[in-house]
Enquirer: 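My structure is below; once you've seen it, I'll send some questions.
Basis for what follows: all heavy atoms, side chains included, without hydrogens, waters or symmetry-related copies. Residue indices begin at 1 and follow the sequence shown. Just so we're clear, the structure is a prediction, and the values are computed from it rather than from any experiment.
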Amino acid sequence: MTQFKANNIFSIPGRTAVITGGGSGLGLICAKTFLANGASVTIIDIEATRLTSVKAELEQIKTSLSLPSTCQIHTIHGDLSSKTSIDTITSHLLTLHKTTGIDILVHCAGIRRQNKIAYKPGESLEKLAKATSSLDYGDLEASFRVNLFAQYFLTAGLIVLLGQAAKKGGGRGSVICFSSVASKHNGQFVPAYQTSKAAVDHLVRIMAAEFAGFYIRVNAISPGIFPSALNPADPTHPESNMSLATEMPARRAGLEEEMAGAALYLASPAGGYMTGDIMHIDGGRLLVAAARIAKI
């Protein structure tokens, strides 16, 4: 019966995880989760100062849990918004993990660009026109570069290491993309973010099918409202969705351990039979998020 014990089902000691956007928010949660469970972690982030503080935090976790020296912590300062920089990061990773391989690849890096002008139901047609046109062309392009292109090209560059890991079984060779429930609902008008995340959902299915022969598993986590760099905890912040948390069935934002559980499931033997799927960790957000019109 030991095969049914949680410490066996979710076991990942000795594995290597690479996490983009690991310097804050959901990426950092993933990094802490994998490290705490005995994996080595390599964090990629655009903010160098953020990487310094996060590495210190992870080293403290390693010490407090008495983790072995084999649990290594690496950081890579890099920008995922261009093919040139993605290639540079890929080359670094291939060199760094030539011996250890890569068992888990997590794509947490992302941006959320909003229209400069917001429209509320009941306002004038002229206001609607201004709000719709206020999306900057560059913001839409950047959203796809970071939220979609980076996930594809980094995965493509690491496919050999992921395939070699997958051969070992036990859920290795796991690619975890990050989408958003915003890819499914129209309860808000944030087209740059929503459309790029909707593209991620389909990319997951396409890559999972293409990689099926080697059983490199590709899945996505689609979060609802969690505190992160894209969603500040302060509900009064102009880019925060925290004020919506009480309108959902859960009546609150997500907890770190709830995101940790989903990531660990997909990265471990527990999720070894799952590929091409989108996990919605949203407290019921999709059950209630919908467009609204003004009352007549």
Enquirer: Report, as yes or no, whether the 6.0 Å neighbourhood of atom NZ on Lys127 holds more than 12 heavy atoms from other residues, nucleotides or ligands.
Expert: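 Yes.
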Enquirer: Is the OH atom of Tyr215 crowded by more than 12 outside heavy atoms at less than 6.0 Å?
Expert: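 It does: Tyr215 OH has more than 12 such atoms within range.
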Enquirer: Give a yes or no on whether a salt bridge exists between Lys184 and Asp201, defined as a side-chain N under 4.0 angstrom from a carboxylate O.
Expert: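 Asp201 and Lys184: salt-bridged.
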Enquirer: If you compare all heavy atoms of Leu80 against all heavy atoms of Thr20, which two are closest, and at what distance to 0.1 Å?
Expert: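 In this case the closest contact between Leu80 and Thr20 is CD1-CB, 3.7 Å.
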Enquirer: So which atom in Asp45 and which in Ser24 form the shortest heavy-atom distance, rounded to 0.1 Å?
Expert: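 Smallest heavy-atom distance, with atoms named: OD2-N, 4.3 Å.
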Enquirer: Do you know which two heavy atoms are closest between Gly169 and Arg15, and how far apart they sit?
Expert: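 For Gly169 versus Arg15, the nearest heavy atoms are O-NH2, 4.5 Å.
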Enquirer: Grab the two heavy atoms, one from Leu35 and one from Cys71, that are nearest each other, plus how far apart they are.
Expert: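 Heavy atoms of Leu35 and Cys71 come nearest at CD1-CB, 4.1 Å.
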Enquirer: Carefully, step by step, assess His97 and Thr16 under the rule side-chain hydrogen bond (donor to acceptor under 3.5 Å, both in side chains).
Expert: CA-CA 8 Å; His97 296 302; Thr16 298; 4.8 Å; no
Enquirer: Spell out, as yes or no, whether a donor-acceptor pair under 3.5 Å connects the side chain of Arg217 to the backbone of Leu266.
Expert: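 Checking the backbone N and O of Leu266 against the side chain of Arg217, a donor-acceptor pair under 3.5 Å is found.
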Enquirer: Please answer whether the main-chain N or O of Ser183 pairs with a side-chain N or O of Ser180 as donor and acceptor at a distance below 3.5 Å.
Expert: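 Looks like no, no N/O pair under 3.5 Å.
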Enquirer: Quick check: does any side chain N or O of His74 sit under 3.5 Å from a backbone N or O of Ile43, one acting as donor and the other as acceptor?
Expert: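 No, His74 side chain to Ile43 backbone: no donor-acceptor pair under 3.5 Å.
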Enquirer: A quick test of your reading: do over 12 heavy atoms of other residues, nucleotides or ligands sit less than 6.0 Å from NZ of Lys130?
Expert: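 No, the 6.0 Å shell around NZ holds no more than 12 heavy atoms from other groups.
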Enquirer: Do Tyr152 and Val175 sit in the same hydrophobic cluster, where Ile, Leu, Val, Met, Phe, Trp and Tyr count as joined when their side-chain heavy atoms come under 4.5 Å apart?
Expert: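 Yes; Val175 is reachable from Tyr152 via cluster members.
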Enquirer: Val160 and Gln164: side-chain contact (heavy atoms from CB on, under 4.5 Å), yes or no, with the steps?
Expert: CA-CA 6 Å; Val160 171; Gln164 290 171 347; 3.6 Å; yes
Enquirer: Any sub-3.5 Å donor-acceptor pair from Ser85's side-chain atoms to Gly78's backbone N or O?
Expert: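 Judged by distance alone, no pair lies under 3.5 Å.
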Enquirer: Return the CZ to NE2 distance between Phe178 and His107, rounded to the nearest 0.5 Å.
Expert: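 If I round to the nearest 0.5 Å, the distance is 11.0 Å.
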Enquirer: Backbone N or O of Ile117 within a donor-acceptor pair of the Asn115 side chain at under 3.5 Å?
Expert: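 Flag not set: sc Asn115 to bb Ile117 has no pair under 3.5 Å.
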Enquirer: State which residue, out of Met279, His280, Lys197, fulfils the side-chain contact (heavy atoms from CB on, under 4.5 Å) condition with Ser222.
Expert: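 When Met279, His280, Lys197 are each tested with Ser222, the side-chain contact (heavy atoms from CB on, under 4.5 Å) holds only for His280.
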Enquirer: Hydrophobic cluster membership, with links at side-chain heavy-atom distances under 4.5 Å among I/L/V/M/F/W/Y: are Ile102 and Val204 in one?
Expert: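 Linked, Ile102 and Val204 end up in one cluster.
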Enquirer: Under the salt bridge (Lys or Arg N to Asp or Glu O under 4.0 Å) test, which residues partner Arg252, sequence neighbours left out?
Expert: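 For Arg252, the residues satisfying salt bridge (Lys or Arg N to Asp or Glu O under 4.0 Å) (neighbours in sequence not counted) are Glu258.
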Enquirer: Should Ile104 and Leu158 be counted in the same cluster of Ile, Leu, Val, Met, Phe, Trp and Tyr side chains packed under 4.5 Å apart?
Expert: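 No; tracing contacts between hydrophobic side chains, which count when under 4.5 Å, never links both residues.
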Enquirer: Test Ser196 against Arg145 for side-chain contact (heavy atoms from CB on, under 4.5 Å), laying out the working first.
Expert: CA-CA 9 Å; Ser196 64; Arg145 284 180 176 272; over 6 Å; no
Enquirer: Under the 4.5 Å side-chain heavy-atom rule for ILVMFWY, direct or indirect, which residues accompany Leu286?
Expert: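 Members other than Leu286 - counting any ILVMFWY side chain reachable under 4.5 Å - are Val181.
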Enquirer: Charged N to carboxylate O below 4.0 Å: is that the case for Arg113 and Asp139?
Expert: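 Answer for the salt bridge query: yes.
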Enquirer: For Glu247, is there an ion pair with Arg285 - N to carboxylate O distance below 4.0 angstrom?
Expert: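 Looking at Arg285 and Glu247, the cut-off is not met.
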Enquirer: Would you mind checking if Asp87 and Lys83 are paired as a salt bridge, meaning a charged N to carboxylate O distance below 4.0 Å?
Expert: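 Here Lys83 pairs with Asp87 in a salt bridge, since their nearest N and O are under 4.0 Å apart.
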Enquirer: Is the shortest heavy-atom distance from the side chain of Cys177 to the side chain of Val218 under 4.5 Å?
Expert: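 Yes - at least one pair of side-chain heavy atoms lies under 4.5 Å apart.
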Enquirer: Would you mind telling me which of Leu93, Thr75, Ile19 makes a side-chain contact (heavy atoms from CB on, under 4.5 Å) with Ile44?
Expert: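 Going through the options one by one, the only one that passes is Leu93.
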Enquirer: Classify the ring geometry of Tyr265 against Phe10: parallel below 30°, tilted from 30° to 60°, perpendicular beyond 60°.
Expert: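 Geometry flag for Phe10 against Tyr265: tilted rings.
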Enquirer: Looking at every heavy atom in both Cys30 and Ala263, which two are closest together, and how far apart are they?
Expert: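 Residues Cys30 and Ala263, closest heavy atoms: SG-CB, 3.8 Å.
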Enquirer: Looking at Ala220, is its backbone amide N or carbonyl O close enough to the side chain of Asp277 to form a donor-acceptor pair, meaning the two atoms are under 3.5 Å apart?
Expert: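 No: the side chain of Asp277 does not pair with the backbone of Ala220.
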Enquirer: Please check this pair: side chain of Glu123 against backbone of Lys120, looking for a donor-acceptor N/O pair closer than 3.5 Å.
Expert: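 It does hold such a pair.
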Enquirer: Between Phe211 and Leu162, is the side-chain contact (heavy atoms from CB on, under 4.5 Å) condition met? List the steps.
Expert: CA-CA 10 Å; Phe211 305 161; Leu162 290 164; over 6 Å; no
Enquirer: Does any N or O in the side chain of Asn219 come within less than 3.5 Å of the main-chain N or O of Gly276, such that one atom is a donor and the other an acceptor?
Expert: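 Side chain of Asn219 to backbone of Gly276: a pair is present.
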Enquirer: Do the side chain of Ser134 and the main chain of Ala131 share a donor and acceptor less than 3.5 angstrom apart?
Expert: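 Pair found, side chain donor or acceptor close to backbone of Ala131.
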Enquirer: Counting only heavy atoms not in Phe214, do more than 12 sit closer than 6.0 Å to its CZ atom?
Expert: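 12 or below, so no.
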Enquirer: My understanding is that only one of Ile216, Leu203, Leu105 makes a side-chain contact (heavy atoms from CB on, under 4.5 Å) with Thr155; could you say which?
Expert: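 The side-chain contact (heavy atoms from CB on, under 4.5 Å) with Thr155 is passed solely by Leu105 among Ile216, Leu203, Leu105.
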Enquirer: Looking only at heavy atoms, which two atoms of Gly23 and Val54 are closest? And how far apart?
Expert: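 That would be O-CG2, 3.2 Å.
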Enquirer: For atom CD of Gln3, decide whether the heavy atoms of other residues, nucleotides or ligands shown that lie under 6.0 angstrom number more than 12.
Expert: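 Yes.
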Enquirer: Does Glu57 use its side chain to pair, donor to acceptor, with the backbone of Ser53 at less than 3.5 Å?
Expert: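 Not at all, since once roles are kept as given, no pair shorter than 3.5 Å links the two residues.
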Enquirer: Between Gln114 and Leu135, is a side-chain contact (heavy atoms from CB on, under 4.5 Å) present by the stated rule, with each step listed?
Expert: CA-CA 7 Å; Gln114 298 180 245; Leu135 174 60; over 6 Å; no
